[in-house]
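Position 1 is the first residue of the sequence, and the numbers go up from there. These numbers come from the heavy atoms of this one structure, side chains and all, not from hydrogens, waters or symmetry mates. Everything numeric here is computed off the predicted structure, so don't read it as measured data.
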Amino acid sequence: QVQLVESGGGSVQAGGSLTLSCSASGYTFRSYCMGWFRQVPGKEREGVALMSGGNTYYGDSAKGRFTIFHDNGKTTLYLQMNSLEPEDTALYYCAADPDPANCGLGDLLNGGKAMDYWGKGTLVTISS
């Protein structure tokens with residue numbers, strides 16, 4: 001059974017940094033498409049960053065500030081977030097899909113609607 005558990009959220013001041021982690025189990029990490037998404041109450045879920053088939057994609061709000069990567073053992077997915085802004089305040093989710101051939105930029109742009117597995121999220125709060 002695929003399980004995703006996020007951690008690393010917290011409260012920081014604008015300009016600060018956070019690194020989110022997503023611990024994955026129940027599948028072979030390298031064969032999956034995985035990404036980070038975020039949601040603010042009352043708004044659509046937004047794609048932040050996604051890795052699939054050797055490709056990496058970033059949402060416009062993340063470009064130049066956030067980096068998605070995984071550890072060498074490929075059991076943990078990370079999101080390094082720098083130069084954080086109050087607008088980055090959200091619940092951040094990790095998601096995975098077992099079909100990397102059909103997972104990519106479109107999934108990032110549509111908020112991960114077709115992604116199969118989701119964690120419960122970790123809250124990030126940025127104060128001005």
Practice item. Before giving the answer on side-chain contact (heavy atoms from CB on, under 4.5 Å), spell out for Asp107 and Leu50 the whole-Å C-alpha distance, their side-chain angles and the decisive distance to 0.1 Å. Key: CA-CA 8 Å; Asp107 296 89; Leu50 185 141; 4.2 Å; yes
Exercise for review: Dump the intermediate steps for side-chain hydrogen bond (donor to acceptor under 3.5 Å, both in side chains) on Glu87 and Ser61, then the final yes or no.
Suggested key: CA-CA 9 Å; Glu87 293 74 21; Ser61 62; over 6 Å; no
Check your understanding: Could you walk me through whether Gln3 and Ser23 pass the side-chain contact (heavy atoms from CB on, under 4.5 Å) check?
Key -> CA-CA 8 Å; Gln3 288 190 323; Ser23 179; over 6 Å; no
Practice item. Apply side-chain contact (heavy atoms from CB on, under 4.5 Å) to the pair Glu6 and Tyr92, showing each step before the final yes or no. Key: CA-CA 8 Å; Glu6 303 96 335; Tyr92 283 72; over 6 Å; no
**Study point:** Candidate pair Cys94 and Trp36, rule side-chain contact (heavy atoms from CB on, under 4.5 Å), full reasoning
**Key:** CA-CA 5 Å; Cys94 173; Trp36 288 97; 4.1 Å; yes
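Between the side chains of Thr19 and Gln80, a donor-acceptor pair is found at a separation under 3.5 Å.
Judged by distance alone, with hydrogens and angles left aside, the side-chain atoms of Gln13 form no donor-acceptor pair with the main-chain N or O of Ser127 at under 3.5 Å. Lys43 places no side-chain N or O within 3.5 Å of a backbone atom of Val40 that could act as its donor or acceptor partner. Proximity of a side-chain donor or acceptor of Thr122 to a complementary backbone N or O of Gly9 within less than 3.5 Å is detected. Distance alone, capped at 3.5 Å, places no donor-acceptor pair between the Tyr58 side chain and the Gly64 backbone.
Residues Ile126 and Val12 meet the side-chain proximity criterion, which asks for heavy atoms closer than 4.5 Å. Residues Glu85 and Arg65 meet the side-chain proximity criterion, which asks for heavy atoms closer than 4.5 Å. Two residues are said to be in side-chain contact when any heavy atoms from C-beta on lie closer than 4.5 Å; Phe66 and Leu84 meet this criterion. The side-chain heavy atoms of Met81 and Val48, taken from C-beta on, include no pair separated by under 4.5 Å.
When all heavy atoms are compared, the tightest approach of Val2 to Tyr32 is CG2-OH, 3.9 Å. Taking every heavy atom of both residues into account, Ala90 and Arg38 meet most closely at CB-CB, 3.8 Å. A pairwise comparison of heavy atoms in Gly111 and Trp118 identifies O-CH2, 3.9 Å as the closest pair. Nearest heavy atoms, Met51 versus Leu77: SD-CD1, 3.9 Å. For the residue pair Pro98 and Tyr117, the shortest heavy atom distance occurs at CD-CE1, 4.2 Å. Closest non-hydrogen pair, Asp99 versus Asp97, comes out as N-OD1, 2.9 Å.
Phe37 and Leu79 fall into different hydrophobic clusters, where Ile, Leu, Val, Met, Phe, Trp and Tyr are joined by side-chain heavy atoms under 4.5 Å apart, directly or via other members. Criterion: ILVMFWY side-chain heavy atoms under 4.5 Å apart, direct or through other members. Under it, Tyr57 and Leu109 are part of a common hydrophobic cluster. Linking ILVMFWY side-chain heavy atoms closer than 4.5 Å, directly or via other members, places Leu18 and Tyr93 in two distinct hydrophobic clusters.
Taken to the nearest 0.5 Å, the OG1 atom of Thr76 stands 12.5 Å off from the CG atom of Leu20. To the nearest 0.5 Å, atoms SG (Cys33) and CE (Met115) are separated by 4.0 Å.
Relative ring orientation between Tyr78 and Phe69 is described as parallel, the plane-to-plane angle staying below 30° on a 0-90° scale split at 30° and 60°.
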